[in-house]
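Below, read A as the first sequence line, B as the second, and so on, with proteins coming before strands; counting in each chain starts at 1. Keep in mind that this is a model prediction, so the values were computed, not measured.
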Number of protein chains: 2
Amino acid sequence: MTKENICNCVDCEEGWLNFKVLSRDELEILEENRYEADFRAGETILKQSSPASNAVFLRSGMAKIYLEGQGSKNLIVSIAKPGIMIVGPGIYTDNRHSFSVSSINSVKACFIRIEVIKKLFGQNRKFAEGVIREMSRMSHWYLDKLMSMTQKKMPGRVAEVLLYLSGEVYGAGEFNPLLTRQELADMAGMAKESFVRILKEFSDEGIICSDCPDIKIMQKEKLQMISDNG
Amino acid sequence: MTKENICNCVDCEEGWLNFKVLSRDELEILEENRYEADFRAGETILKQSSPASNAVFLRSGMAKIYLEGQGSKNLIVSIAKPGIMIVGPGIYTDNRHSFSVSSINSVKACFIRIEVIKKLFGQNRKFAEGVIREMSRMSHWYLDKLMSMTQKKMPGRVAEVLLYLSGEVYGAGEFNPLLTRQELADMAGMAKESFVRILKEFSDEGIICSDCPDIKIMQKEKLQMISDNG
DNA sequence: TATATTTATTGATAAATATCAATGCAGCAG
DNA sequence: CTGCTGCATTGATATTTATCAATAAATATA
C-alpha cells in the first residue's frame, strides 16, 4: 500500500504536523468528521465570504490563497502546500471565510468541520497551542505583506515574489511558477504588464533568466537586495 | 476610592474583557506578574523587533500601533484603546514585537509577562478562546487593511481612515483626531501632502468640515460610498 | 493541421501619487 | 513683542504605476 492510499487520520503521514499531538481517540474524532475531495487545476476550494464551516488540509498539490476585491482584482496572499492548516481568522470572528482558495494543480484535500477543530482546541492544550501558532504565523505574514505593499516599490515587490516562490514554495533556484503572469502580478499587487516589464528588466540585467518556461534566479543576493531596499 | 485608584487585577474593571473568565487564583497570578507604567503623549510603549516579553493592556489613554519601515516611513495599523490586548503574533513566532506602540495622549498601562499569558492560555480553556478570538480579530483587520492598501485609491483610503476614527476610535461624528497630518497619512499609507489635499477636496465638496481643529463628518453616506468604491 | 482563444509582451499614453520648495500659521522661549 | 520651530497648506514638478492598444506567442479546439 502506497502512502497515497492511506485514507485514515490515525495513520496519516501527510496531514498537519499539529495533528501529531492528538491522542488516538482524538484522531478518531477527526477521522469521523473528515470529508475528502479532489480538485483539478483551477477549481475553487474555499470561497471568500461563504460560511466558514470547514478547515482545509491539503494532502497533495498546491493552492493559491487570495483576497477577492471589486472588479476581479485579486490579491494572492500566499501559496498553500500540504502540511499547513488552511483556515482564516473568520472562524473566530464573523464565521465567514476571510479569503478564497483555489487549486493551482491537482489537489487532494481533507475538509474538517470547524466545530471539531474548536472542540479539539478546547480539550487538548498542545493542539490549542499549535492552532494559535499557525494563526500567529499567518498574522505575521499578513503584517509583512502589509509592509511590502505599502512601502516597497514595484521592483522590490517583484523581487520578493520571486524569492518567495524560489524559497518557500518550490525550494529551488529554478522553477516553473505554475502561475500566469496575471497571478504573479496579483501576488505582487500590481498590473500584469508592470510585472512583465520588471521581469524583463531583471532578465536584461542578468539577475534572472526567464527565457525558458521556467524562471531561474541567477543572482540571489542582488534580488534579495532589491527586495530589501524596496 | 475612585475607579482610577484600583490597582489590583482581582477587582479591576478596566482590563481586558477576557480576564473576566479567570478564576480568583488565576487573577492573583496576573496580579503578581503585573507591571504598571505611565506614559506621556508621544512615548514609546513597545518597540518593534525588541524581545516580546510582555503583553500590554491600556488602563486609560490611547496608543497608535504601527509598523516601522525603512527611512522613517511608518504605517499605522490601528489605534488602541483600553479593553483590548496589545500583543503581536511575534509571541508565537519569532519572540519579537511585530510592531511598535506609542502613546497618543496620557496612558496608563499594565505590562504582563508573556509566559503568564501563555500559562493561562494552557490552563484555562475559556481564556485560550479569548486569546485566539482577539488574535483572529487582529488578523481579520490586517487582511482588511491589506485589501484597502492594495486596491483602494487615495480618496477611498482617506475616507476609510476618517470613518474608522469617527466610528471605532472616537464614536462621534465630530472629533479631534489627536494625530498630526503626517500620522493620519501614515494610517492611510500615503504622503502627508496627499492626505491634506484630499481632506481639502472633501471639505470643498461639503462631505466633511475641517476648518476647526476638529474634523466633522457632514455626509457619512457619501464618505462611506467613497470608502467602499475605492 | 488549421483555427480559435487565451496568455504574454511591448509601446504609447494617461492617471495616480510622491517629492520638492515655498509660504503660512500656531505655539513657545526669550 | 519678536523671532524660533514644528506643523500645515499649497503649487509646481517628477516619478511611479496603470491603462489602453497592438501584436506575438502559446495553448486549446475543431
> Where do A:Thr93 and A:Asn95 land on the side chain to side chain contact (heavy atoms under 4.5 Å, CB included) test, with the steps shown first?
Replying inline: CA-CA 6 Å; A:Thr93 54; A:Asn95 291 307; over 6 Å; no
>> Given the ring of B:Phe195, does B:Lys192 sit roughly above its face, with NZ or CZ under 6.0 Å from the centre of the six-membered ring and within 45° of the axis?
In response: no
> B:Tyr142 and A:Tyr142: aromatic ring centres closer than 6.0 Å?
Replying inline: no
> Once you round it to whole Å, what is the distance between C1' of C:dT9 and CD of A:Glu201?
Replying inline: 14 Å
>> Measure CZ/B:Arg197 against P/D:dT13 and give the value in whole Å, please.
In response: 13 Å
> Looking at D:dT10, C:dA8, D:dC7, which one has an atom nearest to any side-chain atom of B:Thr180?
Replying inline: D:dC7
> How close or far is atom P of D:dT16 from atom CD1 of A:Ile198, stated in whole angstroms?
Replying inline: 11 Å
> Checking only heavy atoms, does the side chain of B:Gln182 share a donor-acceptor pair with the base of D:dC7 at less than 3.5 Å?
Replying inline: no
>> Base of C:dT10, side chain of A:Arg181 - is there a donor-acceptor contact under 3.5 Å?
In response: no
> When the distance from NZ of B:Lys192 to P of D:dG6 is rounded to whole Å, what number comes out?
Replying inline: 14 Å
>> From C-beta outward on B:Val196, which listed nucleotide comes closest to its side chain: D:dT9, C:dT17, C:dT9?
In response: D:dT9
> In whole angstrom, what separates A:Met149's CE from D:dT16's P?
Replying inline: 18 Å
> So, A:Glu36 and A:Lys108, do they make that salt bridge, N to O below 4.0 Å?
Replying inline: no
>> Would you say the rings of A:Phe111 and A:Phe57 are close, in the sense that their centroids are separated by under 6.0 Å?
In response: no
>> Any donor-acceptor pair, under 3.5 Å, between the side chain of A:Arg157 and the base of D:dT16, if you only look at N and O atoms?
In response: no
> Between D:dC20, C:dC20, C:dA18, which nucleotide gets closest to the side-chain atoms of A:Glu193?
Replying inline: D:dC20
>> Tell me the interatomic distance from A:Gln151, atom CD, to C:dA18, atom P, rounded to whole angstroms.
In response: 11 Å
> Whole Å only: how far is the CE atom of B:Met190 from the C1' atom of D:dT9?
Replying inline: 16 Å
>> Looking at B:Ser194, I'd like to know whether one of its side-chain N or O atoms comes within less than 4.0 Å of OP1 or OP2 on C:dT17.
In response: no
> Rounded to the Å, how far apart are A:Glu183 CD and C:dT7 C1'?
Replying inline: 11 Å
